[in-house]
Amino acid sequence: MTASSSFFRSSVGKKFIVAITGVVLIGFVVGHLLGNLQIFLGQDWVNSYAEHLRQLGPVLWIIRAFLLLNVLLHIFYTISLALENRRARPVSYKRKEHVKATFASRSMALSGLIVLAFILYHLAHFTARVTDPRFLLLKADPLNRYDVYSMMVYGFQNYFVSGFYVLGMFLLALHLSHGTSSFFQSLGLNDKKLTPRLATGGRIFAWLIFIGYSSIPVAVLLHLVKPAQQL
Ligand code: HEM
C-alpha cells in the first residue's frame, strides 16, 4: 500500500476528503446564489448570465462532471466514516454529555439526504424542465435567448413548489451550519477561543445562504418580481 492510498483509507484522510469536497460544494452554492440573485436586477441580467454559462459548452460539462464527482466523494466518504465509527463502537453510548451534539450535528445524514432529493427535483424542474408544462409555452426573450427569468418566476408562483424549495434550503442551511464547524475540526484546528468563533461564523454564513436563496421564491409569491411575458 502506498503512503497516499493508506492516507485516503485512514479516518483522517477520509475526513479530509469530506472537508475539501464540502468546500468545493459550498463554493458552488455561493456562486449559484450570486447568479440567481440577479433576478432582482431584471430579465436581461438573468438571461444573459444563463446564456454565458451555456456558451461555455464543453467547459460547462467539465465543471458539471467535477461537481458530480465532489458530491459522490462527499457522500461515499461520509458513509464510510459512519460505518467505521459504528464498527469501532458497536454499543452506542448511553451517556453522551461529553459530546456537545446540536440538532444540526445529529441530523447531518437526514439533512444531507433531503438536500440530495431537493437537488434531483431541482434539476428536473429548472434544468431538464420536465415538471412544469408551462415552461414549454415560454417564448424567447427580446434578444432571442431562453427566458430563464420568466421560467423562475412562473416556477415559483406555485406555493407547493416554493414551499419545497424553502424546505430544501432550510435543510441545506442546517447541513452547512454544522458542516462548516466540522470542516475546521477535520483540518485539525482545535483552539479554545478560535474554534467556537469559527463555528458561530459558519452558522451565520449558513443562515445568510438560507435567507439569500429563500428571498427568491418569497419575492415571487409576494409579486415583488413579476414575469416578463404573459402565458
Ligand atoms: C431559489 C433557489 C434556486 C434557484 C432560483 C435556482 C435556479 C436555477 C436555475 C434557473 C438553474 C438552471 C440554469 C439553466 O439551465 O440555465 C439551476 C441549475 C442548478 N441548480 Fe439551482 N437554483 C436554486 C437553488 C439551488 C440550490 C440550493 C442548489 C444546490 C444546493 C442548486 C443546484 C443547482 C444545480 C446543481 C444546477 C445544475 C447546474 C448545471 O448543470 O448547469 N440550486 N438552478
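Summarising the geometry, atom OG belonging to Ser182 is positioned 9.0 Å from atom NZ belonging to Lys15; distances are rounded to the nearest 0.5 Å. Here NE2 of His122 is found 6.0 Å from OG1 of Thr127. Values are rounded to the nearest 0.5 Å. The CG atom of Asn158 sits 12.5 Å away from atom CZ of Phe164, with the distance rounded to the nearest 0.5 Å. Atom CZ of Arg203 sits about 13.0 Å away from atom CG of Leu176, to the nearest 0.5 Å. Here CG of Asn47 is found 9.5 Å from OH of Tyr146. Values are rounded to the nearest 0.5 Å. In this structure, the separation between OG on Ser186 and CD1 on Ile20 is 9.5 Å, given to the nearest 0.5 Å.
In this view, Lys14 and Glu84 satisfy the salt bridge (charged side-chain N to carboxylate O under 4.0 Å, His left out) rule, not counting sequence neighbours. In this structure, the side chain to side chain contact (heavy atoms under 4.5 Å, CB included) partners of Asn144, at least two apart in sequence or on a different chain, are Ala140. Applying the salt bridge (charged side-chain N to carboxylate O under 4.0 Å, His left out) test to Arg145 and every residue at least two apart in sequence or in another chain returns Asp44, Asp141. Scanning for ring pair (Phe, Tyr, Trp, His ring centres under 6.0 Å) contacts around Trp207 gives Phe170, Phe210, with sequence neighbours left out. Scored by the side chain to side chain contact (heavy atoms under 4.5 Å, CB included) test, Leu198 finds Phe184, Leu189, Leu194 as partners (sequence neighbours excluded). Residues that satisfy the salt bridge (charged side-chain N to carboxylate O under 4.0 Å, His left out) test with Arg134, not counting sequence neighbours, are Asp132. Every residue meeting the ring pair (Phe, Tyr, Trp, His ring centres under 6.0 Å) condition with His125, not counting sequence neighbours, appears here in chain and number order: Tyr121, Phe135, Tyr165. Contacts of Gln43 classified as side-chain hydrogen bond (donor to acceptor under 3.5 Å, both in side chains), with partners at least two apart in sequence or in another chain: Asp147. Residues passing the side chain to side chain contact (heavy atoms under 4.5 Å, CB included) test with Val29, sequence neighbours excluded: Leu172, Ile209, Tyr213.
No path of Ile, Leu, Val, Met, Phe, Trp and Tyr side chains, each step under 4.5 Å between heavy atoms, connects Val130 with Met151, placing them in separate hydrophobic clusters. Both Met152 and Leu137 are assigned to one and the same hydrophobic cluster, defined by single-linkage of ILVMFWY side chains at heavy-atom distances under 4.5 Å. Cluster annotation: Leu208 and Phe40 are assigned to distinct hydrophobic clusters (Ile/Leu/Val/Met/Phe/Trp/Tyr, side-chain heavy-atom contacts under 4.5 Å, transitive). Val161 and Val220 fall within the same hydrophobic cluster, defined by Ile, Leu, Val, Met, Phe, Trp and Tyr side-chain heavy atoms under 4.5 Å apart, directly or through other members. Residues Met169 and Val153 are members of one and the same hydrophobic cluster, defined by side-chain heavy-atom contacts under 4.5 angstrom among Ile, Leu, Val, Met, Phe, Trp and Tyr.
The backbone N or O of Lys139 lies less than 3.5 Å from a partner atom in the side chain of Gln229, making a donor-acceptor pair. Proximity of a side-chain donor or acceptor of Ser214 to a complementary backbone N or O of Ile211 within less than 3.5 Å is not detected. Although no hydrogens or angles enter the test, the distance criterion places no donor-acceptor pair under 3.5 Å between the side chain of Ser162 and the main chain of Tyr159.
In this structure, the side chains of Phe183 and His178 stay at 4.5 Å or more apart for every pair of heavy atoms. Counting heavy atoms from C-beta outward, Trp45 and Leu37 have side chains that stay 4.5 Å or more apart. In this structure the side chain of Phe103 reaches within 4.5 angstrom of the side chain of Leu174, judged on heavy atoms. Between Phe156 and Leu221 there is no side-chain heavy-atom pair separated by less than 4.5 Å. Considering only heavy atoms from C-beta on, Pro227 comes within 4.5 Å of Gln157 through its side chain. Inter-residue side-chain proximity for Phe7 and Phe16 is flagged as met; some heavy-atom pair is nearer than 4.5 Å.
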Please list, one pair per line, the donor and acceptor atoms closer than 3.5 Å that link side chains of residues 56-76 to other protein atoms, with sequence neighbours excluded.
unit_1 : atom_1 : unit_2 : atom_2 : d
Asn70  : ND2    : Phe66  : O      : 2.8
His74  : ND1    : Val18  : O      : 3.1
His74  : ND1    : Thr21  : OG1    : 3.1

Listed pairs under 3.5 Å, donor-acceptor, residues 111-120 side chains, sequence neighbours left out:
unit_1 : atom_1 : unit_2 : atom_2 : d
Ser111 : OG     : Ser107 : O      : 2.9
Ser111 : OG     : Met108 : O      : 3.2
Ser111 : OG     : His175 : ND1    : 3.0

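Sequence neighbours left out, not one pair with a member in residues 155-169 passes salt bridge (charged side-chain N to carboxylate O under 4.0 Å, His left out).
Taking the six-membered ring where tryptophan is involved, the planes of His32 and Phe28 are essentially parallel, since the angle between them stays under 30° and well short of 60°.
Residues Leu231 and Tyr154 share a closest heavy-atom pair of N-OH, 3.2 Å. Scanning all heavy atoms of the two residues, the minimum distance from Gly212 to Leu33 falls at C-CD1, 3.5 Å. Here the closest non-hydrogen pair linking Gly202 and Thr180 is CA-OG1, 3.3 Å.
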